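Ligands are counted one by one from 1 in listed order, and the atoms in each one are counted from 1 as well. Predicted, not measured: the structure shown is a model, and the values here were computed from it. Heavy-atom basis, side chains included; hydrogens, waters and symmetry copies ignored. We're numbering straight along the sequence, starting at 1.
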Amino acid sequence: MVARAARATDLADLDAAVSDCFACPRLVQWREEVARTRRAAFRDQEYWGRPVPGLGTGDARIAILGLAPAAHGGNRTGRIFTGDRSGDVLFAALHRAGLANQPTSVAADDGLNLRDLRIFSAVRCAPPDNKPTPVERDTCAPWLHREVTLIRPTLRVVVALGAFAWAAWWPVLRAVYGQRPPSPRPAFGHGAHWSGTNAPDLLGCYHVSQQNTFTGRLTPGMLDDVFGQAKQLAGVD
Ligand code: SF4
């Protein structure tokens with residue numbers, strides 16, 4: 001799997017390769033079981049039930065790094081943050097920021113286009129309880145590292161959604177940018193900002209999970225502030 005990731009010469013090649021990954025037995029079993037049993041509301045739909053690749057442009061100056069696909073969102077539709085409440089909140093904000101051409105993301109063929117933005121997750125398969133194990137995180141890391149390598153020429157800012165994504169960024173620094181991560185690691189928080197040399201800036205943002213958005217811990221205004229800052233740092237109009 002590491003070799004396959006390293007061989008990917010462009011994003012289309014990488015997306016195809018990651019979609020065919022079976023490296024984590026527990027996650028393969030879970031993604032397929034969810035796709036078989038389905039949620040009642042989606043009973044008539046064919047679930048994707050495979051790893052979910054990144055989404056967006058190859059010349060992105062901004063990247064959003066999430067945790068993992070949702071069982072009945074990305075794992076159902078085959079597109080990251082697509083078809084669930086988290087995606088509703090995220091894409092509404094991206095549309096307000098001018099980084100998406102529409103405020104919704106409901107299906108892989110819904111006409112969504114991103115501008116200057118790539119979205120990907122630290123783990124590419126839906127995990128039970130949204131909790132990948134450390135071994136699964138590390139097993140999946142080569143896909144993330146290769147994806148960042150492929151967009152490295154333009155990438156200026158990474159927005160980490162939640163503490164898991166924030167922590168997943170530090171190994172990227174070493175693997176892609178040849179840099180030693182800061183020690184101690186900067187703490188995650190909403191609005192946290194780490195600025196490196198010859199590496200993208202890292203911004204912390206609470207995850208767009210229902211747990212955060214339904215309770216008001218993360219509001220649309222807070223998302224607007226983060227994406228406004230990301231655009232400013234990345235030089236996106
Ligand atoms: S989580 Fe990543 S490494 Fe594991 S099976 Fe899915 S795509 Fe492969």
Residues D201 and H193: side-chain donor-acceptor under 3.5 angstrom: yes
Atom CG of D10 with >12 non-hydrogen neighbours under 6.0 angstrom: yes
Within 6.0 angstrom of Q211 CD, more than 12 heavy atoms from elsewhere: no
Step-by-step side-chain hydrogen bond (donor to acceptor under 3.5 Å, both in side chains) determination, T82 to S105: CA-CA 5 Å; T82 296; S105 176; 2.7 Å; yes
Residues clustered with Y47, ILVMFWY side-chain links under 4.5 angstrom: W30, V34, F42
Residue from R118, R79, R124 passing salt bridge (Lys or Arg N to Asp or Glu O under 4.0 Å) with D15: R118
Listed protein N/O/S atoms, distance to atom 6 (Fe) of ligand 1 under 2.8 Å: C125 SG
